[in-house]
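Before any comments, here is the structure.
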Amino acid sequence: MEKMTLHVDAGSGYDIIIGSGLIDSAGKYISSALPKAKRLFVVTDSNVSPLYGARLVASLEIESFEVHTHVVPAGETSKSAENLISLWEWMTAHGVTRTDAVVALGGGVVGDLAGFAASTVLRGVGLVQIPTTLLSQVDSSVGGKTAIDLSAGKNLAGTFYQPDLVLMDPDVLSTLPLPVFMAGMAEVVKYGCIWDPDFFDFLSARPDRAALTEDIGHILYTCCDIKRQVVNADERDTGLRQILNFGHTLGHAYELAGNYTEWSHGEAVAAGMVMAAKLGVELGVTVPEAPEKIEAVLAALGLPTRIPCGFEYIERAVGVDKKGSGDLVTLILLEDIGVVKRLKLKKSRVLEVLSAMSRR
Ligand code: GLY
């Protein structure tokens with residue numbers, strides 16, 4: 001696969017580099033993006049460390065970086081305040097300076113936690129994202145959102161902090177279990193829904209992992225290109241960036257109903273996108289054929305297109321959603337595949353329509 005580079009303007013500007021085998025040449029790219037860095041603080045998890053940790057560290061040491069590694073247990077519970085403090089203590093114990101950098105090697109949990117630590121230790125050090133799941137490659141590693149979870153909910157404390165470099169090696173996706181790969185595909189399909197009808201058709205014609213893997217470079221490039229345009233236009237998530245949450249409000253309801261264990265984020269978003277498309281039809285915004293088309297592409301990938309859920313969870317998700325302001329909720333709807341619309345409606349009206357739909 002040809003190496004491809006995308007430039008994000010947000011923050012002080014950074015490159016997303018996509019290419020096979022990048023894990024083994026990460027040191028070279030990091031030393032050119034962060035020429036003053038001496039120490040690199042690699043944060044990874046217990047799944048990724050045995051697979052790619054040693055290869056990454058070797059590529060960093062060749063460039064004469066002083067490398068320290070911290071492994072957190074794999075899973076969402078690692079996105080905690082306790083782990084954040086441990087990372088601060090660990091970095092300061094090893095003499096971190098403001099020109100040094102954190103390297104996040106892993107999925108969204110590692111990226112969010114390590115990004116938060118990088119944005120806050122010494123009021124901000126360098127940050128390199130090396131995402132290893134499809135979900136983190138097409139979404140969380142780009143755009144600068146960092147977070148930890150609090151007892152009141154996920155991602156409730158965090159910062160906007162753009163990385164200095166994102167390195168994406170598609171080869172690492174080969175070790176992902178199939179459901180984890182497909183959960184990432186839900187976010188990939190989302191980009192087709194909200195932005196690019198041709199990309200949606202391209203995905204519809206590739207209903208299995210082998211076909212998708214053959215074109216993974218194009219898939220990663222297209223998703224990151226869309227995301228960088230959105231982030232460049234609205235880094236702080238006050239307007240256009242909200243379109244990236246298509247399917248997410250209802251998805252949150254499904255995640256909540258399943259106690260965050262029954263359905264992965266991607267699976268919940270898949271069913272959430274179908275329901276959001278149906279809601280759009282009910283509200284007269286979305287063309288009637290759209291839900292069926294979205295359902296077909298997701299079902300072909302083995303993703304859920306409907307998740308039964310008590311109405312109280314939908315009420316909670318619509319009520320507490322971060323996009324809400326007072327009585328109003330901003331819905332992310334489609335006019336058609338590839339044509340997104342943000343619509344502010346009264347929460348009571350939205351819940352009335354969703355309640356009627358859930359009784360059918
Ligand atoms: N994951 C949505 C965003 O980055 O805004």
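This one's a predicted model, so the numbers in the text were calculated from it and none came from an experiment. Numbering of ligands and ligand atoms starts at 1, following listing order. Residues: numbered from 1 along the sequence shown.
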>> Strictly by salt bridge (charged side-chain N to carboxylate O under 4.0 Å, His left out), give each pair with a member in residues 45-64 just once, sequence neighbours left out.
In response: Asp24-Arg55

>> I'd like the contact residues of ligand 1, where contact means a heavy atom below 4.0 Å.
In response: Asp139, Lys145, Lys227, Arg241, Leu244

> Aromatic rings Trp90 and His94: how do their planes relate, parallel, tilted or perpendicular, breaks at 30° and 60°?
Replying inline: perpendicular

>> Would you call the rings of His68 and Phe41 parallel, tilted or perpendicular, taking 30° and 60° as the class edges?
In response: parallel

>> Exactly one of Arg39, Lys36, Lys38 should register a salt bridge (Lys or Arg N to Asp or Glu O under 4.0 Å) with Asp100. Which one does?
In response: Arg39

> Take atom CD in Glu292; do more than 12 heavy atoms of anything else shown fall under 6.0 Å from it?
Replying inline: no

> Taking side chain as C-beta onward, heavy atoms only, is His248 less than 4.5 Å from Gln242?
Replying inline: no

